[in-house]
Amino acid sequence: MSTPVSPVRVRMAPSPTGSPHVGLVRTALFNWAFARHHGGTFVFRIEDTDKERSTDESLSSIIDLMRWLGLDWDEGPEVGGPHAPYKQSERSDLYVDALAKLKGSSFTYDCYCTTDEATARRKAAGSKVQGYDGFCRELSQEQVDAFLADGRQAVVRFRMPDGSITWNDLVRGEVTFETEFVPDFALARANGDPLYTLVNPVDDALMEITHVLRGEDLLSSTPRQIALYEALKEVGIAKATPDFGHLPYVMGEGNKKLSKRDPEAHALAYRDKGYLPEGLLNYLALLGWSIAADRDVFSLAEMVEKFEIGDVVANPARFDLKKADAINASHMRLLPIEEISHRVLPFLKADGVVGDPVSDADAQLLELAMPLIGERINKLSEASALLAFLFVDEADFEVDAEDAAKQIGEAGIPVLQASYDALEALSTWSTDAIQTALQTALVDGLGLKPRNAFGPVRVAVTGRRISPPLFESLELLGRDRSLGRLQRALA
RNA sequence: GCCCCCAUCGUCUAGCGGCCCAGGACACCGCCCUUUCACGGCGGGUACGCCGGUUCGAAUCCGGUUGGGGGUGCCA
């Protein structure tokens with residue numbers, strides 16, 4: 001696909017209801033990457049027409065999410081822009097105006113039917129099509145008067161044209177609907193409130209959106225929108241019909257769309273679980289797109305360079321947490337240790353491993369300790385468990401009971417005693433000296449396999465079977481605390 | 001029911017007529033490295049839903065079929 005001629009303008013238009021979904025992130029990412037790749041504009045618009053369900057809390061969590069991910073928008077909340085406001089709840093006058101213009105055209109008509117009446121007629125006629133049947137398309141004045149006299153209020157309905165509607169979908173190719181299967185649809189409620197069917201295209205038109213990249217669930221509403229666009233152009237609201245591209249679903253377990261019920265669906269939870277934004281984004285990008293045949297770890301910048309909407313596949317993808325973890329881990333290994341330290345800090349604070357603010361002593365210790373665990377953690381949140389033993393007050397130091405049971409039993413006591421004696425005799429407290437001393441005492445002296453020799457020491461001193469490298473850990477812990485913990489384990 | 005979309009390893013995908021008795025990644029299973037855990041390295045198994053057609057030649061094109069998904073609101 002070549003670079004579009006007109007400047008690209010794309011948008012993400014979430015409804016601020018509930019906790020943001022990873023599917024939203026994927027859609028946002030593809031729109032963002034498309035805009036950045038083409039040097040276009042990425043618009044962030046809020047579709048809060050549903051007053052019942054929209055919340056400020058949801059909106060701010062979407063904003064937090066986007067900020068965390070680093071998906072920046074050129075127009076929208078907090079940054080403004082030439083098409084402000086970007087919240088639909090603040091754009092009512094625009095919709096009233098659009099509705100008025102449309103009502104003055106032949107593209108719409110007033111409809112007095114109830115849903116039940118329409119369904120009953122369809123049924124009676126034995127129609128295969130469901131939805132509105134066009135009954136009110138050509139009402140006589142007498143009929144209108146009768147409805148009015150009956151106290152009925154009209155909804156504004158859009159008159160679908162005859163024939164078929166075809167568009168060249170950016171990810172699926174040519175798609176055609178016969179309009180006989182696309183019933184006339186309501187643009188506004190009887191009370192005048194505009195509906196999504198109206199506001200979404202109107203805002204896209206007003207904001208001059210050139211490409212609509214959205215979920216595949218909107219595929220079947222596209223013919224209606226394309227027909228509406230013709231009307232909007234006619235009444236002077238739209239300049240052009242955008243191109244459409246329908247992104248495949250993100251599925252959960254089984255064959256269901258990943259729902260808000262699934263814990264994996266909540267995008268912000270990944271931040272709290274210690275994922276890197278670049279890891280999550282990279283994984284999500286893989287759901288429907290690939291950068292190359294033999295690669296799947298890449299940066300956002302690389303994605304921007306290579307992203308083509310035409311390369312997006314049309315089939316739905318299953319969300320695989322294991323792979324998300326693996327991709328995240330790869331990104332973790334790509335970060336310099338200082339950067340990991342920097343990002344791990346909030347987790348250490350939250351877990352109470354270090355104070356807030358961090359004392360100079362702890363900061364120093366951290367700088368020495370981080371290189372030991374950098375390659376050992378796959379998420380930022382995993383650092384606390386590995387480092388806690390270094391920072392904890394001696395009084396609060398605890399050995400994991402299960403690990404102790406496995407490593408320090410009858411057999412462990414002589415090992416710990418020998419270790420204590422060897423270390424106690426040390427004049428230089430360094431990793432090398434410690435290693436030599438323990439090696440000599442346990443492996444050579446007691447004839448133990450390294451595994452059996454160092455296991456008990458590890459548990460006694462770090463409190464767990466899983467820890468940073470032992471000798472380095474001992475050095476960082478220091479002579480007094482190391483010997484003290486051995487003694488405690490012996491007691 | 002009707003309309004639309006989709007269809008390669010368990011999963012995400014590469015493949016856009018011969019380079020493919022199908023490549024990569026995750027997961028899985030062995031082995032190596034190794035003081036634990038990771039990391040890293042090596043090796044292994046597993047896929048073109050089915051039936052026709054086009055073609056010298058099809059995972060790739062066409063038709064059908066089956067299966068899955070979505071839509072069918074005065075929801076978005």
Side-chain angles (χ1 to χ4, degrees), chain A residues 13-15 17 47-50 52-54 111 113-115 118-119 126-132 153-157 169 171-172 175-178 180-183 185-197 199-200 215-223 246 248-249 251 254-257 283 286-297 313-327 329-330 333 373-378 382 386 403 407 435 438-439 442-443 448-455 457-459 462 464-473:
Chain A
S15 297
T17 55
E47 300 211 331
D48 58 347
T49 47
D50 188 335
E52 303 296 305
R53 298 195 303 144
S54 298
C111 172
C113 302
T114 65
T115 310
T119 328
S127 171
K128 294 177 172 188
V129 183
Q130 289 178 36
Y132 192 64
Q153 284 190 303
V155 303
V156 182
R157 212 173 266 286
D169 195 275
V171 342
R172 279 149 220 274
V175 180
T176 299
F177 281 78
E178 299 299 329
E180 61 175 303
F181 300 115
V182 185
F185 57 97
L187 293 173
R189 291 197 172 93
N191 68 8
D193 281 353
L195 293 165
Y196 164 83
T197 48
V199 300
N200 179 279
E216 124 175 51
D217 47 334
L218 277 322
L219 189 69
S220 55
S221 74
T222 304
H246 292 90
Y249 276 118
M251 314 284 281
N255 266 331
K256 309 178 297 271
K257 196 178 150 188
Y283 174 66
L286 257 18
L287 266 26
W289 184 74
S290 61
I291 196 165
D294 55 356
R295 257 188 88 192
D296 57 14
V297 175
V313 300
N315 47 309
R318 206 148 319 234
F319 189 91
D320 179 359
L321 194 59
K322 289 249 184 66
K323 179 139 185 180
D325 284 350
I327 296 292
S330 299
R333 277 169 239 128
I373 66 158
E375 291 237 310
R376 258 164 259 264
I377 58 176
N378 292 328
E382 290 165 7
L386 248 23
D403 286 356
Q407 292 290 332
Q435 173 160 14
L438 289 179
Q439 191 99 31
L442 307 178
V443 179
L448 293 169
K449 284 191 183 334
R451 179 183 197 85
N452 299 325
F454 304 128
V457 183
R458 182 184 306 282
V459 172
T462 71
R464 307 175 64 218
R465 273 182 300 164
I466 298 169
S467 82
L470 181 60
F471 314 122
E472 285 84 346
S473 297

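Quick note on labels: first sequence line is chain A, next is B, and so on, each numbered from 1.
Shortest non-hydrogen contact noted between A314(A) and P248(A) is O-CB, 3.6 Å. Contact record, A190(A) with V155(A): N-CG1, 3.6 Å, taken as the closest heavy-atom pair.
Base-pair partner of G1(B): U72(B) (Watson-Crick or G-U wobble, both distances under 3.5 Å). For U35(B), there is no paired nucleotide, since no Watson-Crick or G-U wobble pair has both relevant distances below 3.5 Å. With a cut-off of 3.5 Å on both pairing distances, the Watson-Crick or G-U wobble partner of C50(B) is G64(B). As the counterpart of G30(B), C42(B) is assigned, both hydrogen-bonding distances of the Watson-Crick or G-U wobble pattern falling under 3.5 Å.
Separating the P atom of C61(B) from that of C16(B) is a span of 11 Å, rounded to the nearest Å. Look at the P atom in both A59(B) and A22(B): the space between them is 11 Å, to the nearest Å. Atom P of G30(B) sits at a distance of 31 Å from the matching atom of A14(B), rounded to the whole Å. One C1' atom belongs to U13(B), the other to G73(B), and the distance between them is 37 Å to the nearest Å. Of the P atoms belonging to G64(B) and A25(B), the separation is 38 Å, rounded to the nearest Å. On the P atoms, G1(B) is 29 Å away from C48(B), given to the nearest whole Å. When the C1' atom is compared between G68(B) and U8(B), the two are found 16 Å apart, to the nearest whole Å. Going from the P atom of G52(B) to that of U11(B) covers 26 Å, rounded to whole Å.
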Q | Per-nucleotide protein contact string for nucleotides 71-76 of chain B, where B marks a base within reach and S marks sugar-phosphate only (heavy atoms under 4.0 Å, - for neither) | A | SSSBSB
Q: Assign a letter to each nucleotide of nucleotides 29-41 of chain B from its 5' end: B, base within under 4.0 Å of a protein heavy atom; S, sugar-phosphate only; -, no contact.
A: ------BBBSSS-
Q | Under 4.0 Å protein heavy-atom contact, by nucleotide of nucleotides 5-14 of chain B - B base, S sugar-phosphate only | A | SSSS--SBSS
Q: Apply side chain to side chain contact (heavy atoms under 4.5 Å, CB included) to the pair F454(A) and Q439(A), showing each step before the final yes or no.
A: CA-CA 9 Å; F454(A) 304 128; Q439(A) 191 99 31; 4.3 Å; yes
Q.
Before you tell me yes or no, could you show the steps for R189(A) and L195(A) under side chain to side chain contact (heavy atoms under 4.5 Å, CB included), namely the whole-Å CA-CA distance, both residues' side-chain angles and the distance that decides it to 0.1 Å?
A. CA-CA 7 Å; R189(A) 291 197 172 93; L195(A) 293 165; 3.9 Å; yes
Q.
Applying side chain to side chain contact (heavy atoms under 4.5 Å, CB included) to L218(A) and N200(A), what does each step give before you reach the verdict?
A. CA-CA 12 Å; L218(A) 277 322; N200(A) 179 279; over 6 Å; no
Q: Decide yes or no on side chain to side chain contact (heavy atoms under 4.5 Å, CB included) for D296(A) and I327(A), but give the supporting numbers first.
A: CA-CA 8 Å; D296(A) 57 14; I327(A) 296 292; 4.0 Å; yes
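Counting heavy atoms from C-beta outward, L386(A) and R464(A) have side chains that approach closer than 4.5 Å.
By the side-chain hydrogen bond (donor to acceptor under 3.5 Å, both in side chains) test, T222(A) pairs with R214(A), H246(A), sequence neighbours left out.
Looking at R458(A), its side chain does come within 3.5 Å of a backbone N or O of P468(A) through a donor-acceptor pair. Formation of a donor-acceptor pair under 3.5 Å by the Y283(A) side chain with backbone atoms of D320(A) is found in this model. Formation of a donor-acceptor pair under 3.5 Å by the D403(A) side chain with backbone atoms of V459(A) is not found in this model.
In this structure, CZ on R318(A) lies 10.5 Å from CG on L287(A), to the nearest 0.5 angstrom. F319(A) contributes atom CZ, which lies 14.0 Å from atom CE of M251(A) (distance to the nearest 0.5 angstrom). Note that the OG atom of S221(A) and the CZ atom of F177(A) stand 9.0 Å from one another [nearest 0.5 Å]. The OG1 atom of T119(A) lies 11.0 Å from the OH atom of Y132(A); values are rounded to the nearest 0.5 Å. Rounding to the nearest 0.5 angstrom, the gap separating the CG atom in L286(A) from the NZ atom in K323(A) is 5.0 Å. If you take OG1 on T17(A) and CD on E47(A), they are separated by 11.0 Å, rounding to the nearest 0.5 Å.
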Could I get a table of every N or O pair under 3.5 Å where one atom is in the protein and the other is in nucleotides 63-66 of chain B?
none

Interface polar pairs with nucleotides 44-49 of chain B, N/O, under 3.5 angstrom:
none

